[in-house]
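Note that ligands are numbered from 1 as they come in the structure, with each ligand's atoms numbered from 1 the same way.
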Amino acid sequence: MDVSLPKAEAILFEGERIIAVGNSSDLKNIYAINNKDIFDAKGAVIVPGFIDAHNHYTLMGVQKYELDLGGIFNREVILDRIHQEHLTLDPNLPLIGINYEVDHIPKDYHIYKFDLQKAAPGRTIQISDRSSHMSVTTEQTLQIAEINLDPKECLQCIVPCTLKMTGFTGEICGLANSTLHHFIQKGLRDPITLKTAWKYASLTAAKHGVTSIHAIVTEEEMNGLIYYKDILPIDLKIYTETKNVKAVKAAGLKQIGGCGAVMVDGDSGPFTAAFLEPYTERPETSGLLYYSDEELEDFVWEVHSAGLQLALHCVGDAASQQVLNAIEAVQNRSGRKLRHRIEHFEFGTKEQMEQAKRLGVCLSIQPNFNHFWNHTTYIEQLGESRAMRADPIQSIVEKGIPMGFGSDCAVTPCDPLLTISSAVNHSLPHERISPAHALYFHTMGSAYIGMEEKDKGSITPGKFADMVLLEADPTEVNPAEIKDIPVKMTIAKGHVIYSE
Ligand SMILES: [Zn+2]
């Protein structure tokens, strides 16, 4: 990933930094290397440590306490997994199921409240789909969480409430779903559980070749993680989801933002992603913008004036447009550019790319969205031509806009080889990029949008000794095999943090 020396045979590092890169015999002679200090990678391909540029770090960590139902499409198997978890789990803990593949299971085979009562009797339980936009639960759980299921209270629901049509089946969405999610997650935020979760997240990331994460956390978690992060094996750059600029400044951070409390719109699933044109499936709405233009410009101004980098969740094109306009106004007013970021940019237009390029705005992209929800997912909801604009990765490359790759974990797994594979094997052939480009955006690209390119992103003398040993070269294997290349070893700041 270093243009001045794209390929080499040997790397010399001491302490946490790389000293030299070149061929073996030269390095041995020039630096008088002792044989005992030589490690033979035995033909492994060494690439820079991967940087996950968008990761909900606590949510990744608490997966340790959750039942992953991803990839299971048979209701009997799902219910059996829930039952087994119920038998082994501490009776005081809630049973949290994630990645329930509800979008891919016919309605007659969904799991409902009676199924949960049978599989996990008496248990506080919430089984969420991959995007966490809907879940299945029981009456008892709702009572404990003090959630009153009056359909009139489902304020965020734009879709006609299933509740209104069929009564309570166990499936909830909108406000009821997010309230229950918060209630259940609160039980996993005591200091000891959090520390265990954060450690688990870093070890899981290391297994996948990740040496750095742009960790998105809530304001409540920020100071704890700042205190704890130095003992973790990987490096974290913390993005706090808050509008409290003063608190972030006081904590010594140089960046702010994410999704949650600062997001500009919602998501397409529940019709809350904000579009310039109405939804094809529901022409009465074009989604929701959570800020007025004035509110957003005020917030961007406050962040910009404080010298912080801002990262904002935008899924629909109207959200991206609102952010680009606010940044343009603020940069004009202040006379200087900061490397602000748009997170997701899932349906960004060509004109918006031009504007981003002109403003120096960086794009933080999650290619795995295309892997789990390819463009055809959106045809019914958004119409053919907008669906063809989903996840415009090659278009962004062509425009030369700074871009980094991330997972949005826990929405998709923190697994860079899967992310690289998703970009290379995009469902729209014209949005596919080369494996070399994909590697670049998960290393140098992510380093740049995190303002860490002086220390990270390439195997270059002076930078951190962050690297991954792969069994095969992602630029040479069949594109379908990239996601399955084994990670043999991960080295962060000169230390082996994972070895198979
Ligand atoms: Zn996110």
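Counting heavy atoms from C-beta on, the side chains of I420 and F50 come closer than 4.5 Å.
Among the heteroatoms counted here (N, O or S) of D408, OD1 is the one nearest to the Zn ion (ligand 1). Looking only at N/O/S atoms, H54 comes nearest to the Zn ion (ligand 1) through NE2.
Looking at I127, I105, L69 one by one, the single match for side chain to side chain contact (heavy atoms under 4.5 Å, CB included) with I111 turns out to be I127.
Look at R358 and E328 and you find a salt bridge, because one of the NZ, NE, NH1 or NH2 atoms lies within 4.0 Å of a carboxylate O, short of that distance.
Using bins of under 30°, 30° to 60° and over 60° for the plane-to-plane angle, the ring pair Y378/F347 lands in the perpendicular bin.
At least one N/O/S atom of C259, whether from backbone or side chain, sits less than 2.8 Å from the Zn ion (ligand 1).
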